[in-house]
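Okay, structure first, notes after.
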Amino acid sequence: MEMLTVVPLAMVVLSSYFLWFISLNRTLSGPRVWPLVGSLPGLVRNATRMHDWIAENLRKTSCATYQTCICAVPFLARKQGLVTVTCNPKNLEHILKLRFDNYPKGPTWQSAFHDLLGEGIFNSDGETWLVQRKTAALEFTTRTLRQAMARWVNRSIKNRLWRILESAQCTKSAVDFQDLLLRLTFDNICGLAFGKDPETLSPDLPENRFCSAFDRATEAALQRFLFPEFIWKLKKSLGIGTEVTLKKSVKIVESHLSEIIAARKEAIASGTEDVHDDLLSRFMKKKDGYGNAYSSSALKHIALNFVLAGRDTSSVALSWFFFLVVHNPRVEEKIVEEISTVLADTRGKDTAKWTEEPLTFDEVDRLVYLKAALSETLRLYPSVPQDFKHVLNDDVLPDGTVVPAGSSVTYSIYSVGRMEWIWGEDCLEFRPERWLSPDGRKYLPPQDPFKFVSFNGGPRICLGKELAYLQMKSIAAAVLLRHRLSLAPGHKVVQKMSLTLFMKHGLRVLVRPRELSC
Ligand code: HEM
Ligand SMILES: *[C@@H]1O[C@H](CO)[C@@H](O)[C@H](O)[C@H]1NC(C)=O
Ligand SMILES: *[C@@H]1O[C@H](CO)[C@@H](O)[C@H](O)[C@H]1NC(C)=O
Ligand SMILES: *[C@@H]1O[C@H](CO)[C@@H](O)[C@H](O)[C@H]1NC(C)=O
C-alpha cells in the first residue's frame, strides 16, 4: 500500500481508539488506566504490596467498590476484561448469599484447578458442589470429628512441637515458626482426612514426598492465573514449563492417595479394618448424588480438596497471630492470664501440672479471649486475602455498580477489615476486646456477618471454621504456656503475594522459657 492510504488509515484507527479510550476511562473508577495495558502498570509497581494497594484504592472510593480493566482493548474491556473490586459488606452479602446462584466460581477458576482438584467441593459449582456440601456439612457438625481433630493436635503438640521448641530454647537458635506450623497443620489434616499422620513435623524437618508434590502442584496451578488462559492450555498441550511440574506432581499426589484408598478398601473387605474415624472412611460409607458409592477417583479428589482447604489456612493465621502477639505484650499477658485462670481451676495451683499435658477439649472451649485474639488476627490478616466470583447474568450490586455477564468480581477480604467506616477509626489496631461483650466474658462476633468474611460467608462458608478455632486455640495455648517468643534480630516479616497470605521469608523467632504464676 502507498503512504497516501496508510497514513490516513492509521490516523483514523488511532483517533477512534483514542475516543473509545476516553469514554472507557469515564466509565471506570479506581486506579489509573492506560491505553492497551489498562491498570496493569499500577499493579506491577505495587506487586509486592498488592493487598495494601487494593485497600488504598478502595478507601478512595465512596462505596468501597471500583471497576477497572487489566487490558484496555475494545470488546474485552467492558466484559471479560472488566474487573470489579469490592469490600462493601452489602455487596458481599449480595454476592455470597442473596444472589449466590449468579456468582459461581466460574469456568476460568475451575479449569485452572481441574487437574489438581477435579470436581471436588472446592472446585465445583451447582449440583456437583451441593451434593458434596450436604454430605460434608453433616460430618462437620459431629462432635466425633472435633474429638478426632483434638486427638491429632494433642499428639503432635506433645510428641513433637514441644520437643522441638524445647531444643530451640536450649540451643538459643532461631526457628522458622511458620515452617513448623505448616508442618504441624499438614500432619493434622492428613490425620483427619485419611487417618495417617505423615510426621512432617519432627526435629530433623524431613522432606515429605507427598507434601512437597502437593506444594509444587498448588504453586503450578496458581501460575496459570498469571497469563491469559490460552497460554497455559498451549503449554499443557506442548508439555512445557510449569505444566510439566504440575503433571508430575499431581501424579505423585494421586498415587499416594490411591494407595491409601486401596489399602483401606482391602482392610474393609477382609474385615481387619480397625476403627477409623477420618473423613475418608466417613465418605466411603456414603452415597453420591445418584445413590452409588463413591468411586476411588472421586474419593481421591474429596480427600485432596479437604487437605487443600485445611492445611495452610490455619498455620498462616497462627503465624500472623504470633507475629501480632510478639508486638503486643499487653494482649500476650491477657492471653496467658486467661489460660492460667482456666488451668488453676481445672488442674489446681501447682503450675507444673499445667504444662504436663496439652489442654483438653473443655479447657480449650473456655478460652474466649484467645478466640477473640485469633478472630482479630484473621480480621487484619485473613489467610485467604481475596477471592473471585464469576458473573453469570448482568446484575447491579447494592451500591449501584453495574456488573455485566461474563465479567468477574474480586472481593478483597483483606480490605474489609481495614476500612474505617466498617471497623472504626482504630481498625488497624490489634484489639481483641472488640470481639467481646463489655464484661469480657462472652465472644460476640459482629452483628452483620459480612463485616468479617475471613471464613467466607453464605452457603459456601468455610466448613472447617470450628475445627480451625479448636486447632488454633490448642496450639496457641500450648506454645504460650511454655514459651515466650521474640522476633529473631534482623528478621523482616513481609507478605507473600499468593492465594494464601504466607509470610514470604517465614517467621524467624527466638524461643525463651515462660515463668508461670498463679
Ligand atoms: C483459619 C483457618 C481457615 C480459614 C481462614 C478458612 C477460610 C476459608 C475460606 C475463605 C473459604 C472459601 C474459599 C472459596 O470458596 O474460595 C473456605 C472454604 C472451605 N474450608 Fe476453610 N478455612 C480455614 C480452615 C479450614 C479447615 C481446618 C478445614 C477442614 C478441616 C476447612 C475446610 C473448608 C472447606 C471444605 C471449604 C469449602 C466449602 C465450600 O466450598 O462449600 N477450612 N475456608
Ligand atoms: C481518566 O483520565 C483522567 C485524566 O487523564 C485521569 O486523571 C483519571 O485517573 C482517569 N481515570 C481512570 C479510571 O484511569
Ligand atoms: C503503587 O502504584 C501507584 C500508582 O497507582 C504509584 O504511584 C506508587 O508509587 C506505587 N507504590 C509503590 C510502593 O510502588
Ligand atoms: C492427649 O494425649 C494424652 C496421651 O498422650 C492423653 O492422656 C490426653 O488425655 C490427651 N488429651 C486430649 C485432649 O485428647
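Atoms within a ligand are numbered from 1 in the order they appear, just like the ligands themselves.
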Ignoring hydrogens and geometry, is there a side-chain-to-backbone donor-acceptor pair from Asp125 to Pro104 under 3.5 Å? no
Quick one: does Arg311 get a heavy atom under 4.0 Å from ligand 1? no
Parallel, tilted or perpendicular: which one describes the rings of His51 and Tyr414, with boundaries at 30° and 60°? tilted
Measure the distance from atom 36 (C) of ligand 1 to every protein heavy atom, then report the residue, atom name and distance (to 0.1 Å) of the closest one. Phe122 CE1, 3.7 Å
If we only count heavy atoms from C-beta on, is the Asp312 to Leu182 side-chain gap below 4.5 Å? yes
Region of Ser383 that comes within reach of ligand 1 [heavy atoms, distance under 4.0 Å]: side chain
Measure from the side-chain N and O atoms of Asn123 to the backbone N and O of Gln110, and report whether any donor-acceptor pair falls under 3.5 Å. yes
Any Phe388 heavy atom less than 4.0 Å from ligand 1: no
Sub-4.0 Å heavy-atom approach of Ile189 to ligand 1: yes
How far is atom 8 (C) of ligand 2 from its nearest protein heavy atom, and which residue and atom name does that atom have? Asn25 ND2, 4.0 Å
Does an N or O anywhere in Val33 fall below 3.5 Å from an N or O of ligand 2? yes
Basic-acidic side-chain contact under 4.0 Å: Glu433, Lys334: yes
Find all atoms of ligand 1 within a distance of less than 4.0 Å from any non-hydrogen atom belonging to Ala468, and give their numbers and elements. 2 (C), 24 (C)
Atom 17 (C) of ligand 1: nearest protein contact (heavy atom, Å): Cys462 CB, 3.6 Å
Tell me the protein heavy atom at minimum distance from atom 16 (O) of ligand 1, and give that distance in Å. Asp387 OD2, 2.6 Å
Atom 15 (O) of ligand 1: nearest protein contact (heavy atom, Å): Lys105 NZ, 3.1 Å
Under 3.5 Å between any N/O of Arg460 and any N/O of ligand 1: does that happen in this structure? yes
Atom indices of ligand 1, in the order listed, that fall short of 4.0 Å to a heavy atom of Ile121: 39 (C), 40 (O), 41 (O)
Counting both backbone and side chain atoms, is some N or O of Ser314 under 3.5 Å from an N or O of ligand 1? no
Any side-chain heavy atom of Pro358 within less than 4.5 Å of one from Val153? no
Are Asn154 and Arg151 close enough, and set up right, to give a side-chain hydrogen bond (donor to acceptor under 3.5 Å, both in side chains), and what steps lead you there? CA-CA 5 Å; Asn154 181 25; Arg151 266 199 315 276; over 6 Å; no
Between Ser39 (side chain only) and Cys69 (backbone N and O only), is there a donor and an acceptor less than 3.5 Å apart? yes
Could you pull out, from Ser454, Gly464, Pro459, the option with a heavy atom nearest to atom 5 (C) of ligand 1? Ser454
Tell me if the centroids of the rings in Phe430 and Phe323 come within less than 6.0 Å of each other. no
Distance-only N or O hit between ligand 1 and Gln471, under 3.5 Å: no
Within 45° of the six-membered ring axis of Trp423 and under 6.0 Å from that ring's centre, is NZ or CZ of Arg418 located there? no
Atom 24 (C) of ligand 1 [closest protein heavy-atom partner, distance rounded to 0.1 Å]: Thr313 OG1, 3.4 Å
Trp129, any N or O under 3.5 Å of ligand 1 N or O: yes
Give the residue, atom name and distance (to 0.1 Å) of the protein heavy atom nearest atom 9 (O) of ligand 2. Arg32 CD, 3.8 Å
Measure from the side-chain N and O atoms of Ser212 to the backbone N and O of Asn208, and report whether any donor-acceptor pair falls under 3.5 Å. yes
Report yes if some N/O of Ser29 lies less than 3.5 Å from some N/O of ligand 2; otherwise report no. no
When you compare ligand 1 with Arg133, is there at least one nitrogen or oxygen pair between them that comes in under 3.5 angstrom? yes
Check the angle between the aromatic planes of Phe455 and Phe452 and answer parallel, tilted or perpendicular using the 30° and 60° thresholds. perpendicular
Using a 6.0 Å distance limit plus a 45 degree cone around the ring axis, check whether Lys286 lies over the aromatic ring of Tyr294. no
Counting only heavy atoms on the protein side, is anything nearer than 4.0 Å to atom 12 (C) of ligand 2? yes
Could you check atom 26 (C) of ligand 1 against the protein and tell me its nearest heavy-atom contact, residue, atom and distance included? Gly310 CA, 3.6 Å
of all protein heavy atoms, closest to atom 33 (C) of ligand 1 is Ala309 CB, 3.5 Å
Among all protein heavy atoms in this structure, tell me which lies nearest to atom 35 (C) of ligand 1, with the distance rounded to 0.1 Å. Phe306 CE2, 3.5 Å
Determine, considering heavy atoms only, which of Leu130, Leu308, Asn456 sits nearest to atom 11 (C) of ligand 1. Asn456
Please evaluate residues Tyr469 and Asp365 with respect to the criterion side-chain hydrogen bond (donor to acceptor under 3.5 Å, both in side chains), reporting the C-alpha separation (whole Å), side-chain torsions for both, the decisive distance (0.1 Å), and the verdict. CA-CA 10 Å; Tyr469 273 117; Asp365 253 353; over 6 Å; no
When you look at Ser156 and Asp187, which way does the side-chain hydrogen bond (donor to acceptor under 3.5 Å, both in side chains) test go after all the steps? CA-CA 8 Å; Ser156 36; Asp187 291 348; over 6 Å; no
